[in-house]
Amino acid sequence: PDAPEPLPDVVEGKVYVIGGVVDRTILKYLSYHQATNAGIQAYHLPLHHCLGDNKDLLNRGGVLNICSVALILLKYKQTPDWSKVIREAMKEEAPTRFKDLNVA
């Protein structure tokens with residue numbers, strides 16, 4: 001999530017590492033620095049682009065679990081529309097947290 005660039009597309013044949021560091025605490029930039037030090041390109045999901053400036057939704061949705069990220073990537077392969085896929089996945093994974101999230 002700390003990478004400067006959003007993931008532009010999900011490409012067949014590429015390997016995607018989700019959750020490079022799994023811990024109880026959030027250590028900003030740790031997995032990003034580990035990836036770049038190893039010469040691995042790092043991206044974040046385009047949450048801000050898809051959810052706009054709705055700070056309440058971003059605060060509730062800024063940290064996704066590994067299963068949610070995998071679900072988003074799989075859904076994107078079926079329907080290559082980040083906005084639709086991210087909104088659907090977030091509502092599917094946590095319906096009470098995102099009950100006011102419009103799926104358009």
Side-chain angles (χ1 to χ4, degrees):
D2 298 319
E5 301 202 22
L7 181 63
D9 197 6
V10 177
V11 179
E12 191 76 29
K14 280 198 173 185
V15 174
Y16 295 87
V17 177
I18 303 170
V21 177
V22 179
D23 199 350
R24 290 184 181 269
T25 60
I26 297 172
L27 301 172
K28 296 291 285 176
Y29 299 101
L30 180 61
S31 55
Y32 172 68
H33 288 308
Q34 287 180 335
T36 56
N37 288 341
I40 299 168
Q41 179 67 51
Y43 295 101
H44 66 266
L45 289 176
L47 296 177
H48 292 278
H49 173 74
C50 297
L51 299 177
D53 290 330
N54 188 326
K55 300 240 186 278
D56 186 42
L57 284 176
L58 289 172
N59 287 339
R60 288 184 282 160
V63 177
L64 299 172
N65 64 41
I66 292 170
C67 291
S68 295
V69 174
L71 176 67
I72 289 168
L73 294 178
L74 290 171
K75 283 181 174 281
Y76 183 84
K77 283 303 292 174
Q78 297 169 349
T79 306
D81 179 336
W82 283 122
S83 238
K84 181 176 182 181
V85 168
I86 286 172
R87 290 168 184 270
E88 285 177 353
M90 291 171 82
K91 283 186 82 167
E92 193 172 307
E93 289 296 300
T96 53
R97 266 178 47 195
F98 301 109
K99 66 179 180 264
D100 54 344
L101 184 60
N102 294 324
V103 177

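Not measured: the values here are computed from a predicted model.
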Notebook entry, point to check: What's the spacing between Glu5 CD and Gln41 CD if we round to 0.5 Å?
Noted result: 6.5 Å
Notebook entry, point to check: Considering only heavy atoms from C-beta outward, does the side chain of Lys77 approach that of Glu12 to under 4.5 Å?
Noted result: yes
Item checked: Donor-acceptor contact present, side-chain His44 to main-chain Leu7, <3.5 Å -> no
Notebook entry, point to check: Has the side chain of Tyr29 got a donor or acceptor atom that lies under 3.5 Å from a matching backbone atom of Ala3?
Noted result: no
Item checked: Nearest-0.5 Å distance that lies between atom OG in Ser31 and atom CD1 in Ile40 -> 10.5 Å
Note to self: Any non-hydrogen side-chain atom of Tyr16 less than 4.5 Å from a side-chain atom of Val11?
What the structure shows: yes
Notebook entry, point to check: CG/Asp81 to NZ/Lys75 distance, rounded to the nearest 0.5 angstrom?
Noted result: 12.5 Å
Margin query: Side chains of Leu45 and Leu73, heavy atoms from C-beta outward: is any pair under 4.5 Å?
Written below: yes
Next item on the list: Could you tell me which residues satisfy side chain to side chain donor-acceptor pair (under 3.5 Å) with Tyr76, sequence neighbours excluded, listed by chain and number?
Entry: Asp9
Check: Atom NE2 in His33, atom CG in Asp2: separation rounded to 0.5 Å?
Finding: 8.0 Å
Check: Would a 4.5 Å heavy-atom cut-off, applied to side chains only, mark Trp82 and Leu47 as touching?
Finding: no
Notebook entry, point to check: Less than 4.5 Å apart, any side-chain heavy atom of Tyr43 and any of Pro8?
Noted result: yes
Margin query: Hydrophobic clustering (ILVMFWY, side-chain heavy atoms < 4.5 Å, transitive) - are Ile86 and Leu71 grouped together?
Written below: no
Item checked: Closest non-hydrogen atom pair, Val85 against Thr79 -> CG2-O, 3.1 Å
Next item on the list: Indicate if Tyr32 and Val17 have the same hydrophobic cluster label, given that clusters are the connected sets of ILVMFWY residues with side-chain heavy-atom separations under 4.5 angstrom.
Entry: no
